[in-house]
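I have placed the structure first, in the form of structure tokens, so that the comments after it can refer back to it.
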2 protein chains.
Amino acid sequence: MSFSSSSTGRGGAIGGAAFSPLYKQIKALLVQSLHAGEWKPGESIPSELDLAARFQVSQGTVRKAIDELAAENLLIRRQGKGTFVATHHEAQVRYRFLRLTPDNPENTQRAQSTILECSRQKATQEIARLLEIRTGDALIYIKRLMNLGNRPSVIDEIWLPADVFKGLTSEVLIHNKGPLYGLFETKFGVSMIRAEEKIRAIAANAQVADFLNVSEGFPLLQVDRVSYTYGDRPMEIRRGLYLTDQYHYRNSLN
Amino acid sequence: MSFSSSSTGRGGAIGGAAFSPLYKQIKALLVQSLHAGEWKPGESIPSELDLAARFQVSQGTVRKAIDELAAENLLIRRQGKGTFVATHHEAQVRYRFLRLTPDNPENTQRAQSTILECSRQKATQEIARLLEIRTGDALIYIKRLMNLGNRPSVIDEIWLPADVFKGLTSEVLIHNKGPLYGLFETKFGVSMIRAEEKIRAIAANAQVADFLNVSEGFPLLQVDRVSYTYGDRPMEIRRGLYLTDQYHYRNSLN
DNA sequence: TAGTGGTCTAGACCACGTT
DNA sequence: ACGTGGTCTAGACCACTAG
């Protein structure tokens with residue numbers, strides 16, 4: 001295929017004329033296939049040469065598209081084996097989105113969660129805004145307690161759009177082993193690929209203090225998260241309260 | 001230059017025989033030049049073709065080396081202009097390593113800092129370990145109060161190796177406009193390129209509460225940071241206490 | 001041995017910024 | 001018009017994994 005500006009080929013803009021390189025267009029097509037479920041989490045995608053033939057471009061162009069998707073953790077490259085769709089199942093012990101780490105690395109964090117509640121709610125204005133749905137739309141609400149190293153350490157409140165997570169009940173949650181995001185992939189076809197968090201220090205209220213075995217007013221980390229699937233669609237709101245006297249939230253700055 | 005395994009070319013291992021691609025070797029040479037100060041923060045480095053000639057490799061190989069350095073924020077590419085050494089000066093308003101953001105984005109955070117203390121200390125065992133120096137080595141200790149939006153919001157304590165930051169006094173700090181890391185680049189030739197943070201929720205003690213205009217016991221974010229220069233050498237320890245009732249620490253997960 | 005991703009090259013042309 | 005980074009191609013060969 002020849003290379004030219006946006007008026008040519010896939011993804012040409014209608015009138016804006018924003019230049020979009022070929023590999024970006026290929027990348028968008030790959031994401032589209034991922035979103036459509038053509039290749040599922042954990043599976044391998046076709047080889048670079050196969051994709052090059054399919055899209056009628058050179059291997060190098062496919063390569064660059066895959067490179068970016070691998071950098072964004074949508075795909076995982078394995079030399080000699082192939083390129084695989086990222087999954088929250090493999091990360092198993094090391095929860096991909098949980099940045100809580102023991103101060104003392106010897107304490108292997110055996111995570112274990114207890115469902116405290118699983119009910120239906122209607123979306124408040126705030127949650128509707130974040131999930132890009134309408135106020136009053138049906139939500140599934142989950143409240144759970146997580147133990148790290150046999151000690152209650154995290155309380156999570158989770159809000160999900162009910163239409164997408166139809167059939168998500170307390171029973172399903174209790175039977176689930178491993179990360180919640182793994183369940184979302186397997187049972188509901190929702191892959192979480194990115195999240196934004198806002199972190200604050202707050203004081204534990206009476207109820208929370210009771211669950212976490214601390215006194216009322218004890219300082220906790222409040223982590224407000226919005227998780228996104230393919231195409232930057234928000235799919236989950238989560239508020240986590242972390243006990244950070246023996247754990248900390250780790251972060252890298254570049 | 002031909003392409004072969006580690007026994008060939010620059011960077012060949014002595015006996016371990018770990019394979020190192022050419023572009024990784026070029027990358028290491030570039031970092032070496034950056035560290036040596038051949039190109040200073042804000043300046044441009046030679047063009048890709050010049051570097052290709054200098055290292056006797058193809059432009060594509062130099063390109064891949066620069067790509068990775070740009071991804072790590074050591075270099076900044078600007079189409080049509082050149083490739084520049086990253087600096088903490090340009091980031092000016094948007095402090096590169098400060099993740100504190102107003103809950104209400106309208107509140108433009110006018111940062112302004114007051115030096116509370118600048119003295120000499122000897123390294124404790126803990127700080128010596130983190131800075132990879134010896135216990136008892138000379139340190140410069142800085143304590144400062146930062147105002148965001150005309151409200152005291154952050155208290156920082158900073159520990160620096162005295163031999164590297166010779167001549168860093170209270171006067172120098174007070175006269176400095178802009179980010180501290182900009183001062184480090186200009187006056188001491190130290191470029192901070194990466195940092196690791198550990199975040200916890202703690203209760204304000206009496207002294208801190210007084211500085212931040214809150215009551216004792218008020219929940220604060222405690223951010224412990226280690227900053228690194230070229231070659232992963234730790235060069236700064238920092239403990240920040242953040243008031244997060246109107247601000248939050250933002251983070252992206254991938 | 002075959003297939004996959006990973007590296008390297010050489011050359012052509014495009015987009016952007018400056019002169 | 002020129003120089004810079006950005007995109008694309010085609011082809012060769014290397015490294016890793018599996019059958």
Side-chain angles (χ1 to χ4, degrees), chain A residues 1-13 16-28 30 39 43-71 75-86, chain B residues 1-13 16-30 39 43-71 74-86:
Chain A
M1 148 165 285
S2 68
F3 173 56
S4 61
S5 53
S6 62
S7 57
T8 305
R10 309 151 261 259
F19 168 68
S20 173
L22 238 193
Y23 77 88
K24 290 274 187 193
Q25 303 174 34
I26 302 300
K27 189 182 164 188
L30 291 174
W39 314 300
E43 294 179 5
S44 70
I45 69 171
S47 76
E48 295 179 349
L49 281 172
D50 286 352
L51 289 170
R54 166 166 164 180
F55 297 128
Q56 294 283 292
V57 299
S58 77
Q59 184 189 7
T61 300
V62 170
R63 189 162 187 71
K64 181 141 190 177
I66 293 178
D67 276 346
E68 289 203 355
L69 293 173
L75 297 176
I76 298 171
R77 316 193 79 136
R78 288 191 200 136
Q79 186 175 104
K81 299 181 75 173
T83 300
F84 298 78
V85 182
Chain B
M1 148 167 283
S2 68
F3 173 55
S4 61
S5 55
S6 63
S7 58
T8 306
R10 309 152 263 260
F19 169 67
S20 174
L22 239 192
Y23 78 88
K24 289 274 187 193
Q25 301 173 36
I26 303 299
K27 187 181 165 188
L29 290 173
L30 291 174
W39 315 300
E43 293 180 5
S44 70
I45 69 172
S47 76
E48 296 179 349
L49 282 172
D50 286 352
L51 289 170
R54 166 166 163 180
F55 296 128
Q56 294 283 293
V57 298
S58 77
Q59 185 189 5
T61 300
V62 170
R63 190 165 185 71
K64 181 142 188 177
I66 292 178
D67 276 346
E68 288 204 355
L69 292 173
L74 298 208
L75 296 176
I76 299 171
R77 291 177 164 288
R78 288 193 200 134
Q79 184 174 93
K81 299 183 74 172
T83 301
F84 299 78
V85 182

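The analysis underlying the following values was restricted to heavy atoms, covering all of them including side chains, and did not include hydrogens, waters or symmetry mates.
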What are the two closest non-hydrogen atoms of [X] and [Y], and how far apart are they?
X       : Y       : answer
B:Arg63 : B:Arg77 : O-NH2, 3.4 Å
B:Ile66 : B:Glu48 : CD1-CG, 4.1 Å
A:Ala65 : A:Tyr23 : CB-O, 3.5 Å

To the nearest angstrom, how far is [X] atom [atom1] from [N] atom [atom2]?
X       : N      : atom1 : atom2 : answer
A:Tyr23 : C:dA15 : OH    : C1'   : 13 Å
A:Leu51 : D:dT9  : CG    : P     : 14 Å
B:Lys64 : D:dT7  : NZ    : C1'   : 16 Å
B:Phe19 : D:dC16 : CZ    : P     : 7 Å
B:Arg77 : C:dG17 : CZ    : P     : 15 Å
A:Gln59 : C:dT9  : CD    : C1'   : 14 Å
A:Phe84 : D:dC16 : CZ    : P     : 17 Å
B:Lys24 : C:dG6  : NZ    : C1'   : 11 Å

(request) Map every base of DNA chain D to its dot-bracket character, where paired means a Watson-Crick or G-U wobble contact with both distances under 3.5 Å and | marks a partner outside the strand. (result) ||||||||||||||||||.
(message) Go through it in stages, so that I can follow the logic: the residues are B:Leu74 and B:Glu68, the test is side-chain contact (heavy atoms from CB on, under 4.5 Å), and I'd like the CA-CA distance, side-chain angles, deciding distance and then a yes or no.
(response) CA-CA 9 Å; B:Leu74 298 208; B:Glu68 288 204 355; over 6 Å; no
(message) At less than 4.0 Å, is any side-chain N or O atom of B:Arg63 found next to OP1 or OP2 of D:dG5? Yes or no.
(response) no
(request) Respond yes when some side-chain nitrogen or oxygen of B:Thr61 is under 4.0 Å from OP1 or OP2 of C:dT7, and no when none is. (result) no
(message) I'd like to know if the side chain of A:Gln25 and the backbone of A:Ser20 have a donor-acceptor N/O pair within less than 3.5 Å.
(response) yes
Working to the nearest 0.5 angstrom, can you tell me the gap between [X] [atom1] and [Y] [atom2]?
X       : Y       : atom1 : atom2 : value
B:Arg54 : B:Leu29 : CZ    : CG    : 8.0 Å
A:Gln59 : A:Asp50 : CD    : CG    : 10.5 Å
A:Ile76 : A:Ser44 : CD1   : OG    : 12.0 Å

(request) Would you indicate which nucleotide in D:dC8, D:dG6, C:dT9 comes nearest to any side-chain atom of B:Ser58? (result)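 When the side chain of B:Ser58 is considered, C:dT9 is the closest of D:dC8, D:dG6, C:dT9.
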Detail all sub-3.5 Å separations between protein N/O atoms and N/O atoms belonging to nucleotides 1-4 of chain D.
residue, atom, partner, partner atom, Å
D:dG3, N2, B:Gly80, O, 3.0
D:dT4, O2, B:Gly80, N, 3.3

(request) State which residue, out of A:Ile26, A:Leu30, A:Thr61, A:Thr83, fulfils the side chain to side chain contact (heavy atoms under 4.5 Å, CB included) condition with A:Leu51. (result) A:Leu30
